[in-house]
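Reviewing the structure listed below.
Labels below follow one simple rule: chain letters A, B, ... track the order of the sequence lines, proteins then strands, and each chain is numbered from 1.
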Number of protein chains: 2
Amino acid sequence: MSSAAAAPPDPDDPGVRAWSLLLRAHAALVPVVGREVERGAHLPLSWYDVLLELNAAPERRLRIQELGSRVVLSRSRISRLVDEMAVEGLVRREPDPQDRRASFAVLTDEGRAGLRRAAPIYLDAVRRHFTEHVRPDELAALRDALTRVLAPHEGR
Amino acid sequence: MSSAAAAPPDPDDPGVRAWSLLLRAHAALVPVVGREVERGAHLPLSWYDVLLELNAAPERRLRIQELGSRVVLSRSRISRLVDEMAVEGLVRREPDPQDRRASFAVLTDEGRAGLRRAAPIYLDAVRRHFTEHVRPDELAALRDALTRVLAPHEGR
DNA sequence: TTATGTTGCGTGCGTACGCACCTAGTTGTG
DNA sequence: CACAACTAGGTGCGTACGCACGCAACATAA
């Protein structure tokens, strides 16, 4: 049980500072990377994430809900995203014969092609804006720490 | 060289994995912390950030533009945020006599009181969801690394 | 079978946000 | 002085997103 937090508000706590930096880094970097991907590969960053997850999935397909949780989007949002991407031919909706409520989002060949075009641009942007400034040991610490932070929230 | 894996991105690159984790951690944690603050202190997370920055500023006031860049929001957004908070009495707009285009956002006493009420809730949420899962040395690495990552974007 | 819940998705709607543009005040140049 | 160039801030508008709700398809009880 968390004991009484009778301690005074301490915004200079090292943990809070790290948290704050995480927020700022996210706010500063994501728009920049998104811009570069959109400019260079002509697709939104969220589309890229979807393509990436589908490509990594068995059979290159996922149920809508599962896809949403992997890219950390609401079901409503991912549902519309898949619609929009289907219009562009990057994914395809496919009904599940076993459960007729469900449907899969399936990566099309065109989707894979888009992913291949976008990947170098995305990776380059991430490298220049992020990885390049972080030492290998810091990267390892970051991965370990964030993995543990994330663990309690895996379910959605 | 197995069959598949033509050219898909390299998600096993340690840098990209760390970046991806950062995105996921942000996406997972921010809504949760925001909820807790809103529930416990009856104010949005973005309001809390504004109160915090103003409280830390000299004279407890900042020009709109400067405030926006500190909380990483666009000028349009911060302008409306200040309006909304002024309606609730947490901040006050004050013209700059030196430059009549500019205006300050000034923290009111009520604003400070709100901050004092919200701070323990916010800090507790950050601790339970973030700090608690990270070792001190990892926190330090995180702060150092993110500070360097952020540096090129300070001017926003 | 019918009745009762549960799950997987889709849709209407409100909110948060940034961009493009506009206005007023300030600074510089002749 | 006029008159352009620049700057702080506000506003109209489009977009991305989640929530609340609705609906059909499953699952289980009786």
Please figure out whether A/Gln98 or A/Arg77 has its closest DNA chain D nucleotide nearer the 5' end.
A/Arg77
B/Glu53 side chain near B/Glu66 side chain, heavy-atom distance below 4.5 Å
no
Reckon [X] has a side-chain N or O less than 4.0 Å from the OP1 or OP2 of [N]?
X	N	answer
A/Arg100	D/dA24	no
A/Arg101	D/dA27	no
A/Arg63	C/dC9	yes
A/Ser79	C/dG10	yes

Assign each of A/Ile64 and B/Leu81 the nucleotide of DNA chain C bearing its closest heavy atom; nearer the 5' end lies the nucleotide of A/Ile64
Picking from C/dC9, C/dT26, C/dG18, which would you name as closest to the side chain of A/Arg75?
C/dC9
Report, as yes or no, whether the 6.0 Å neighbourhood of atom CZ on A/Arg35 holds more than 12 heavy atoms from other residues, nucleotides or ligands.
no
Under 3.5 Å, is there any donor-acceptor pair linking the side chain of B/Ser76 to the base of C/dG18?
yes
Determine whether a donor-acceptor pair (one donor, one acceptor, N or O, separation below 3.5 Å) exists between the side chain of A/Arg80 and the base of C/dG12.
yes
B/Asp99 near the nucleic acid: base, sugar-phosphate alone, or nothing, with a heavy-atom cut-off under 4.0 Å?
sugar-phosphate
Side-chain donor/acceptor of B/Arg24 to backbone N/O of A/Arg70, under 3.5 Å:
yes
